[in-house]
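Working notes, structure below.
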Amino acid sequence: MKIGILTSGGDCPGINATIRGVGKTAINNFGMKIIGIQNGFSGLLYKDVVELSDASLSGILNLGGTILGTAREKVFRKKITSPDENDREEIKKCYHELGLDCLVCIGGNGTLKTTGMLAELGLNVIGIPKTIDNDVYGTDVTFGFDTAVNIATDAIDRLHSTASSHRRVMVIELMGHHAGWITLHAGMAGGADIILLPELGYNMKVIIDKIKKRMDLGKPYSIVAVAEGVVIQGSSERPAMYFAREIEKQTGFETRETVLGYIQRGGSPSPSDRNLGTLLGGHAAQLIHEGKFGRMVALINNQISDVSLEEVAGKLRLVTVDTPLVQQGRRMGISFGVWE
Ligand code: F6P
């Protein structure tokens, strides 16, 4: 069998461990041939491919990013090759011309949706979920998330020094466009006093009251962790800038902001992300061997498993008021900026 593998969407720690997991299992356990398709779906359209061997898959386990390159093109929305061509048919043609028996697509929600559309076209595909945002429906967790939470928690830990020494409010903005998982987990692990999530929104009065109350209780500093996806009412400003300015204006306390940005997505994956990618990659090869296509590999109740791509398409896994860390945070007096 000949397998193609591509990565699409934003990079994240653990992708290379996953490529290695798929490739080495496919080659060593099942005797398959494997090719890497470069720079996402456009690499498929331009047949920009490299042979992957056991040797070329060595030495990449601990590398951040993706050795195959990635892109954010939406092949079914924008015509990559030419405005006159139908990329849907073109992809199908390229898949067959490359002699593929299956295409493995590693990506987040957008990529998995596209992978599901390829399955509908009759192609043999397997999806592997990846994103630091941890918002893919159908899996308990995505690789990349653990590494991002470690980096974000370390950043919050470091902000405590300046916050307490200068008696300041420190606002840190973390990644997560639709989902606040990184902000929730790093905020709780880093001891943030106020955690603001896109799923919950915010009430400025609640935030201001909380900061003033902490000062009254003899705690002359506060840490605010805010997700980049929190929608600011009536403003297009970055959440960190907006909250820092408003908090200083409304409380009179010196306030500073930090936007952690792409630091969260870079560098070597954590051991847990490496192993999750390795296990998911191995399961993808297993499904191909068994001829089970149109599936997304997943971690479900701590078991490596799989779900149909159709079931996950277009859905997001979001934080809710019932998420245990939200409930426990509330019980301890941590503010989520919405409840008095
Ligand atoms: O999907 C992960 C993510 O890191 C989001 O949190 C962020 O909004 C987005 O990627 C930004 O990525 P890019 O600038 O590469 O499109």
Side-chain angles (χ1 to χ4, degrees), residues 6-18 38-43 64-75 77-78 80 105-115 127-139 141-156 171-187 195-200 225-232 236-243 257-270 273 276-277 280 296 312-319:
L6 63 77
T7 55
S8 179
D11 68 312
C12 96
I15 296 181
N16 289 325
T18 309
Q38 297 184 302
N39 307 320
F41 289 100
S42 64
T66 159
I67 57 160
L68 296 176
T70 187
R72 279 210 187 270
E73 281 112 340
K74 295 198 169 43
V75 268
R77 264 199 236 154
K78 187 179 123 217
I80 298 171
C105 304
I106 303 178
N109 287 301
T111 303
L112 294 164
K113 197 168 168 190
T114 303
T115 310
I128 305 186
K130 65 100 231 208
T131 165
I132 63 165
D133 289 359
N134 200 30
D135 60 356
V136 174
Y137 185 87
T139 184
V141 68
T142 51
F143 60 81
F145 175 63
D146 182 67
T147 309
V149 169
N150 275 300
I151 296 166
T153 303
D154 179 62
I156 297 175
V171 179
I172 181 163
E173 182 184 308
L174 301 171
M175 274 188 166
H177 227 76
H178 304 287
W181 292 109
I182 296 174
T183 306
L184 174 62
H185 281 249
I195 297 173
L196 305 175
L197 309 173
E199 295 91 332
L200 301 180
V226 57
E228 66 174 334
V230 170
V231 177
I232 308 301
S236 57
E237 217 173 347
R238 287 209 80 102
M241 314 304 169
Y242 173 79
F243 285 110
E257 75 279 337
T258 300
V259 178
L260 198 56
Y262 294 91
I263 303 289
Q264 291 158 96
R265 249 164 63 174
S268 193
S270 68
D273 279 340
L276 179 58
L280 292 176
M296 179 188 88
V312 304
K315 296 183 193 147
L316 285 176
R317 201 178 75 86
L318 298 172
V319 177

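One-based numbering, in listed order, for ligands and for the atoms of each. Predicted, not measured: the structure shown is a model, and the values here were computed from it.
From L276, atom CG reaches atom OG1 of T142 across 8.0 Å, with rounding to the nearest 0.5 Å. Residue E173 holds its CD atom at 11.0 Å from CG of L196, rounded to the nearest 0.5 Å. For the atom pair CG (L68) and CG (N16), the distance works out to 7.5 Å, reported to the nearest 0.5 Å.
Residues lining ligand 1 at a heavy-atom distance below 4.0 Å are given as R72, T131, I132, D133, M175, G176, H177, E228, Y262, R265, ordered by chain and residue number.
Side chain of T70 to main chain of G10: no donor-acceptor pair is present (N/O by atom type, distance under 3.5 Å, no hydrogens or angles). With E199 contributing its side chain and V319 its backbone, the two residues share a donor-acceptor pair below 3.5 Å.
Between D273 and T147, the side chains place a donor N or O and an acceptor N or O closer than 3.5 Å (distance only, hydrogens not considered).
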